[in-house]
Amino acid sequence: MILAIESSCDDSSLALMSEDYELLYYKKISQEQAHSEFGGVIPELASRLHTRTLPSLLEELKDVLPKIKAVAVTNAPGLSVSLITGLSVAKMLSVTLNIPLIEVNHLVGHIYSLFLDRKADFPLGILLVSGGHTMILEVDENRKLHLLAQTYDDSFGESFDKVAKMMALPYPGGIEIEKLALKGDKKRFNFTIPLLHDARAGFSFSGLKNQVRVELSKLENVSEQDKSDIAYAFQETAIAHIMNKLEKIFKVKNFKNFAAVGGASANLQLRSKLEELCEKYDSKLSLAPLEFCSDNAVMIARAGLEKYFAKDFISYENIELHPRVQLDGIKI
Ligand code: KG4
Ligand code: ZN
């Protein structure tokens, strides 16, 4: 089995996976509550909390550590002060247990959340929607990644977080907005879909966020119903923007298989719109299990296994953390 460590943002997570994709252990300690009062992740706080929680998780695995064949760790992209905590633990395990070290790209991990208990299947078109990224990708039959579009400013998930913060809702805002939207008046607000007539396939969410800000500023006291109505209109428009750009790409690319991954791919309204689009273009849609859309070490273990099979190891002297990375052209 291999051990995987994820600490790229505000979740400390460990997982053990066997060579035949059996999940033997998984735990995640989320810092959401700690960051909630600030309306977003405070890097310094995240780092400190990881240094407390990672050892406490490791303690649970004390007895099985001698049986571990390799350690996989997220080294990019993410908050440097968070990444470094998992990286340090992984390096030490590699040295003290004398086992190989595997570097895993967090976004590649999200892609492997589609194949947690089975062999991977490419080519595949992918919508990646997380707190830090919003991209349309294609993985070809040689497992090479091609970046087809990305956001020019905020990410999809981040825009939910920012709108939630404006309405004094807890962090992370995605699930809060989704819940409120269910009670929203469908007719009250009407936001403009970003870049609707722009020929490019890239995304922009900052203008939409500002439309919300303007509407909120017109209200004297923001009631629960106001919040729900805004949440509904915002979510509808953000998803319409995604679907509009995706459809542009579907028209030129003939995706036989398409998937959505990342924390925000847990949004049920987005999932249902993706189903409609894929049905229209005769594309088979795959989605990660809801539980594994958001950050977790299971997807890191699964991505790590691919590298383990390929003996793609790295020494503790050479592994680096990379807060930002280029995905275009890498093999996964
Ligand atoms: O992948 P993830 O767990 O962390 C990153 O790698 O960034 O994604 C977290 C993001 C947050 O911005 C969160 O608000 C958003 O995903 N998110 C959602 C939903 N659940 C999580 N956004 C919209 N609707 C949701 N249901
Ligand atoms: Zn993520």
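No hydrogens, no waters, no symmetry mates; every other heavy atom, side chains included, goes into these values. Since the structure is predicted, the reported quantities are computational estimates derived from the model, not experimental observations. We count ligands from 1, going down the list as the structure has it; atoms in each ligand are counted the same way.
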Response to the item:
closest protein heavy atom to atom 11 (C) of ligand 1 is Asp161 OD2, 3.5 Å
Worksheet item: Below 3.5 angstrom, do we get any N/O pair linking Gly157 and ligand 1?
Response: yes
Item to complete: Considering heavy atoms of the protein only, find what lies nearest to atom 20 (N) of ligand 1 and give residue, atom and distance to 0.1 Å.
Response: Gly263 O, 3.5 Å
Worksheet entry | Nearest non-hydrogen protein atom, atom 24 (N) of ligand 1 | Asn267 ND2, 3.0 Å
Worksheet item: Salt bridge check: are Lys162 and Glu158 linked by an N-O gap of less than 4.0 Å?
Response: yes
Item to complete: Within a distance under 4.0 Å of any heavy atom of His106, pick out the atoms of ligand 1 and give their elements.
Response: 6 (O)
Worksheet item: Which of parallel (below 30°), tilted (30 to 60°) and perpendicular (above 60°) describes Phe203 and Phe205?
Response: parallel
Worksheet entry | Ring centres under 6.0 angstrom apart (Tyr26, Phe292) | yes
Discussion item. Give me the nearest non-hydrogen protein atom to atom 16 (O) of ligand 1 as residue plus atom name, then the distance to 0.1 Å.
Written reply: Ala264 N, 3.4 Å
Worksheet entry | Shortest-distance N/O/S atom, Asp295 versus the Zn ion (ligand 2) | OD1
Worksheet item: Side-chain contact, heavy-atom cut-off 4.5 Å: Glu103 with Phe313?
Response: no
Practice prompt. Heavy-atom distances under 4.0 Å are what count here, so tell me which part of His133 touches ligand 1: side chain, backbone, both or neither.
Written response: neither
Practice prompt. Kindly indicate whether the side chain of Ile242, heavy atoms from C-beta on, has any atom under 4.5 Å from the side chain of Leu127.
Written response: yes
Discussion item. With a cutoff of 4.0 Å, is Gly132 in contact with ligand 1, counting heavy atoms of the residue only?
Written reply: yes
Item to complete: Give the ring-plane orientation class for His35 versus Tyr171, where under 30° counts as parallel, over 60° as perpendicular and anything between as tilted.
Response: perpendicular
Discussion item. Show me which atoms of ligand 1 lie under 4.0 Å from any heavy atom of Ser294.
Written reply: 3 (O)
Worksheet item: Should Ser294 and Lys28 be marked as a side-chain hydrogen bond (donor to acceptor under 3.5 Å, both in side chains) after you check the CA-CA gap, both sets of side-chain angles, and the distance that decides it?
Response: CA-CA 11 Å; Ser294 62; Lys28 148 165 147 175; 3.0 Å; yes
Worksheet item: Do Phe258 and Phe250 have ring centres separated by under 6.0 Å?
Response: yes
Worksheet item: Of the protein's non-hydrogen atoms, which lies at the shortest distance from atom 3 (O) of ligand 1, and what is that distance?
Response: Asp295 N, 3.0 Å
Fill in: Which residue and heavy atom of the protein sit nearest atom 26 (N) of ligand 1, plus the separation
Glu178 OE1, 2.6 Å
Discussion item. Quick check on Gln235 - does any of its heavy atoms sit under 4.0 Å from an atom of ligand 1?
Written reply: no
Item to complete: Below 4.0 angstrom from a heavy atom of His110, which ligand 1 atoms are there? Numbered from 1 as shown, please.
Response: 1 (O), 6 (O)
Worksheet item: Is the distance from the Zn ion (ligand 2) to some N, O or S atom of His133 under 2.8 Å?
Response: no
Worksheet item: Within the stated cut-off of 2.8 Å, is an N/O/S atom of His106 closer than that to the Zn ion (ligand 2)?
Response: yes
Worksheet item: Would a 4.5 Å heavy-atom cut-off, applied to side chains only, mark Pro323 and Pro77 as touching?
Response: no
Worksheet item: Among all protein non-hydrogen atoms, which one is nearest to atom 7 (O) of ligand 1, and what is the separation to 0.1 Å?
Response: Gly131 N, 2.8 Å
Worksheet item: Does Glu6 offer a backbone N or O that forms a donor-acceptor pair with the side chain of Thr74 under 3.5 Å?
Response: no
Worksheet item: Can we call the ring centroids of Phe115 and Phe122 under 6.0 Å apart?
Response: yes
Practice prompt. Please determine if Phe160 has a nitrogen or oxygen closer than 3.5 Å to a nitrogen or oxygen of ligand 1.
Written response: no
